[in-house]
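Shown next, in structure tokens, is the structure this report addresses.
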Protein chains: 2
Amino acid sequence: MNHADAYAGLMAHLRQTAALSGVAGLLNWDQEAVMPPGGAEQRAEQAGAMSAVLHERRSDPRIAEWLDAIDPASLDDAGRANVREARRYHDHAVMIPKELAEATAKATARAHRLWAQARADDDVPAFLPALTEIIGLVRERAQFVAADGQSSYDALLDEFEPGTSASEISAIFARLRAGLTELRQRIADKPREIPTLTGSFARAGQLALAEELAKRFGYDEQSGRIDLVVHPFCSGTRGDVRITTRVDEADPFNCLYSTVHETGHALYEQGLDPALAWQPAGNHVSMGVHESQSRFCENQIGRSRAFCGWLYPRMVDAFGDFGIADADTFYATVNRVAPGYIRTEADEVHYNLHIMLRFELEQALIAGHLAPADLEAAWNDRFAADFGVAVDKPSNGVLQDVHWSAGLFGYFPTYTLGNIYAGCLDAAMRRDLGDVDTEIAGGDTTRPIAWMREKIHRPGAIHLPVELITRATGSAPTEQPLLDYLNAKFGALYDL
Amino acid sequence: MNHADAYAGLMAHLRQTAALSGVAGLLNWDQEAVMPPGGAEQRAEQAGAMSAVLHERRSDPRIAEWLDAIDPASLDDAGRANVREARRYHDHAVMIPKELAEATAKATARAHRLWAQARADDDVPAFLPALTEIIGLVRERAQFVAADGQSSYDALLDEFEPGTSASEISAIFARLRAGLTELRQRIADKPREIPTLTGSFARAGQLALAEELAKRFGYDEQSGRIDLVVHPFCSGTRGDVRITTRVDEADPFNCLYSTVHETGHALYEQGLDPALAWQPAGNHVSMGVHESQSRFCENQIGRSRAFCGWLYPRMVDAFGDFGIADADTFYATVNRVAPGYIRTEADEVHYNLHIMLRFELEQALIAGHLAPADLEAAWNDRFAADFGVAVDKPSNGVLQDVHWSAGLFGYFPTYTLGNIYAGCLDAAMRRDLGDVDTEIAGGDTTRPIAWMREKIHRPGAIHLPVELITRATGSAPTEQPLLDYLNAKFGALYDL
């Protein structure tokens with residue numbers, strides 16, 4: 001087989017696999033957003049069947065033949081990325097037995113239902129058998145895909161953040177942790193009374209404002225939709241990117257900022273290069289980079305003083321006088337630092353401490369150093385030590401996140417990597433564009449988002465994360481820009 | 001291979017195929033009910049990929065080996081039905097080239113979008129190229145699957161109503177047509193002033209009443225959901241059966257009776273034997289029998305004097321005084337006979353004339369006796385002759401139905417077969433149960449639906465349609481019970 005035929009054969013095969021992978025993603029969106037309860041058993045069977053189909057396609061022996069016949073030197077950067085990603089998926093698929101992939105898909109579909117019920121009932125034992133089964137399946141999977149000398153956890157991590165390892169992450173996390181702990185202590189030493197929201201915020205008003213927020217950040221609603229779920233997420237790519245949110249009438253920030261967060265994810269998917277559609281090179285590159293986009297929108301823009309100045313009068317329009325006197329106080333309320341139980345509601349100072357807790361616990365679970373039956377106690381001990389308060393109920397603790405029920409181990413650290421990348425990108429964007437706060441204060445995010453589109457969205461997966469961030473910002477990613485940003489922001493807010 | 005291993009292998013294979021087929025069905029529901037416009041191109045690719053996967057599974061050469069090794073004599077009725085259906089699907093799949101199946105899936109996904117736009121714009125020429133492409137693909141498909149001496153149209157028909165032919169249908173339709181024409185003439189000769197609905201009926205009230213109607217007929221909302229679409233349909237099976245409806249504020253009957261109609265379809269799917277889940281024998285047996293369930297709920301129960309007596313005060317509760325004085329007048333309004341453009345809004349006397357028009361035109365299109373470019377004129381000529389009025393715009397004529405854009409040729413006659421079966425089943429149910437009108441007048445449909453569940457839903461596809469109806473009613477299906485029912489109902493209503 002010659003190079004050109006091999007590359008064409010591979011690309012046609014990948015195109016159909018991408019379409020089927022999109023179908024599997026839609027099954028998941030449907031399950032979370034619209035599926036009736038009676039559909040759960042059937043859906044487990046469907047998810048298992050789709051997983052088997054995808055596994056079979058990705059382990060197709062023709063892929064190895066095509067890859068052997070392709071000459072990477074005669075390809076451009078995108079072509080080489082296609083080959084890189086095709087090889088990664090093929091290697092994994094060949095290493096993971098079809099039966100294991102199918103069993104995992106079925107088990108996670110069932111576990112999701114059990115987790116949702118256990119969370120509603122605050123009943124950890126009801127979820128433990130399912131969690132134990134999933135950890136067993138994930139460990140088995142990791143053992144199959146791990147390279148020589150690679151730990152099981154690193155093998156899992158590679159699926160979400162290619163090109164990194166737990167030890168590299170631990171090093172950068174340790175430095176970040178030191179900086180965050182120091183900042184948190186300075187805030188604790190100089191308390192400031194910042195009001196919280198009280199009263200009730202009508203559901204319809206929250207949803208209307210959430211939709212307006214999505215549009216303000218450039219979300220194309222003709223290529224997506226917004227639905228309500230238990231745990232918000234973003235699903236799909238390019239012409240069909242669906243975001244989800246939730247409503248708590250006592251806490252509108254939950255709905256509004258999770259909408260902005262998911263909008264950030266959606267912008268990445270909607271902004272991928274159309275010329276690279278159906279090619280691995282045209283996909284998002286990693287979950288960490290994905291999270292950098294959501295957190296940049298949510299925090300660096302959405303929780304900025306400038307944007308809060310735009311949002312405050314809209315809140316007053318939507319809900320009337322809600323007890324916050326002015327935009328400065330509103331900005332402080334939005335950014336109020338306080339230890340809380342729920343990761344997705346955490347302030348920017350505490351958020352990454354939540355992640356580090358999960359990162360360490362899941363490494364121990366996968367290494368077999370922590371038994372699932374001991375997980376709740378380990379979580380509660382660690383939380384009390386890190387946050388200074390005791391977990392009051394499992395839905396505020398170990399049952400709060402969907403990830404483990406979905407078999408997602410190695411995913412949590414990408415959240416903090418995303419925050420680190422967002423810090424790097426924000427600093428570079430402000431350096432490149434000069435003052436953007438004036439326009440953000442007017443509700444106009446066009447220039448920052450266009451910068452992100454050019455630097456991050458369009459390049460897709462052509463370069464691996466560290467290379468992508470380096471090209472976008474001019475230097476390799478470190479935790480320092482994030483710490484500088486947090487120190488400046490909270491230093492001013494708490495008059496440190 | 002021995003019989004037991006072969007049968008087990010076949011059943012495991014069919015189970016996964018059924019799961020994937022359910023996924024393909026969900027893609028379609030999603031496209032009609034919730035997909036954003038920007039998703040259309042991607043969806044065409046996904047539908048094509050799923051179609052290719054299903055085609056590959058159904059043409060798997062192992063199926064032929066299993067079928068050869070199975071001894072039908074050692075199977076029960078359900079087992080023999082599984083073998084019968086497996087053979088039918090396998091034969092079709094082997095006969096239809098994969099490329100043709102995939103091209104058809106892509107073309108119909110595109111055509112659906114063009115049809116919806118053309119219908120909105122009343123623009124037949126905008127839809128003609130897509131329609132022409134689809135007719136070409138469907139004819140090609142029919143030529144591949146037709147048995148020796150079988151016409152292309154009969155080959156298509158067999159996919160929706162196994163075990164019948166256009167000539168058999170034409171014979172029964174001819175007798176039905178004579179009876180309907182005679183009844184229509186008697187009504188025309190003895191006009192009665194029956195009021196129509198005027199004014200506006202609030203959307204929310206219609207949707208609330210539609211949901212109540214679905215429940216009254218026994219629809220399990222824990223195993224389904226109700227959404228809005230352009231052209232209502234029912235999707236899914238067993239634990240996840242979704243119905244759809246539409247709202248016209250000037251005509252609440254559109255929403256309410258299409259909801260009851262789709263509920264009838266949903267009851268069939270929700271009522272299939274759980275012991276036969278994932279087996280072909282546990283599926284619905286044909287589109288004609290499916291339609292018998294929807295029309296039985298819609299007409300024989302939903303448009304009966306008894307049920308109208310229950311519905312009338314609920315309409316007054318929902319919408320206030322809407323200009324209809326009493327339940328008798330309401331019953332007459334619900335059943336008012338008048339030639340109309342739209343099939344789905346037609347009264348019971350005219351409905352089957354709409355179907356016969358389509359049945360004849362689509363036979364001519366598939367036989368090549370009618371060019372797509374001449375279809376609109378042929379439709380309009382035939383409509384003027386049959387209904388005595390001229391079509392005023394394409395959305396009231398040739399563009400009104402979704403079917404042809406979806407490649408569904410051979411489907412229309414199953415609607416009238418469904419009405420014929422519903423007539424047979426209604427007569428047998430009333431013979432078996434005695435008076436049911438008293439309970440129906442109280443909004444209680446439990447006994448009639450339970451009768452249907454036992455006679456039609458549970459048996460699934462164990463027996464072919466004619467055998468199923470014969471077992472349920474005690475005699476082979478004919479048009480006579482339907483004509484008797486219509487003559488009695490409209491004879492009384494129009495005092496003939």
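Everything quoted here is computed from the prediction, not taken from an experiment. So you know, we letter chains A, B, ... as the sequences are listed, proteins then strands, and number each from 1.
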Heavy-atom pairs under 4.5 Å with chain B - which of [options] has more of them than the others?
| options | result |
| --- | --- |
| A:M35, A:Q16, A:E45, A:R43 | A:E45 |
| A:G22, A:A19, A:S21, A:A18 | A:A19 |
| A:G48, A:P36, A:G224 | A:P36 |
| A:S223, A:A24, A:A277 | A:S223 |

| Any donor-acceptor N or O pair under 3.5 Å, side chains A:R203, A:Q206 |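 No.
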Residue, of [options], that accumulates the most heavy atom pairs under 4.5 Å with chain A:
| options | value |
| --- | --- |
| B:V53, B:V23, B:D227 | B:V23 |
| B:T17, B:D30, B:L27 | B:D30 |
| B:R225, B:E41, B:E56 | B:R225 |

| request: Could you walk me through whether B:Q293 and B:H457 pass the side-chain contact (heavy atoms from CB on, under 4.5 Å) test, one step at a time? | output: CA-CA 9 Å; B:Q293 298 307 294; B:H457 304 175; 2.9 Å; yes
| field | Contact origin within B:E221 toward chain A - heavy atom pairs under 4.5 Å | value |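 Looking at B:E221, just its backbone touches chain A.
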Tell me whether [X] contacts the main-chain N or O of [Y] through its side chain, where contact means a donor paired with an acceptor under 3.5 Å.
| X | Y | result |
| --- | --- | --- |
| A:N82 | A:A281 | yes |
| B:S51 | B:A47 | no |
| A:Q270 | A:D220 | yes |
| B:R57 | B:H13 | yes |
| A:E262 | A:C234 | yes |
| B:H55 | B:L100 | no |

| request: Measure distances from A:R15 to the heavy atoms of chain B and classify the residue's part below 4.5 Å as side chain, backbone, both or neither. | output: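 Contact with chain B: side chain only.
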| request: For B:H112 and B:E32, run side-chain hydrogen bond (donor to acceptor under 3.5 Å, both in side chains): C-alpha distance rounded to whole Å, both residues' side-chain angles, the deciding distance at 0.1 Å, then the answer. | output: CA-CA 9 Å; B:H112 174 271; B:E32 306 275 330; 2.8 Å; yes
| message | Between B:P274 and B:R458, is there a side-chain heavy-atom distance shorter than 4.5 Å? | response |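 B:R458 vs B:P274: side chains touch.
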| said: So if I take each residue of residues 235-247 of chain A and look for any heavy atom under 4.5 Å from a heavy atom in chain B, which residues do I end up with? | reply: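 Within residues 235-247 of chain A, near chain B: A:T237, A:R238, A:G239, A:D240, A:R242.
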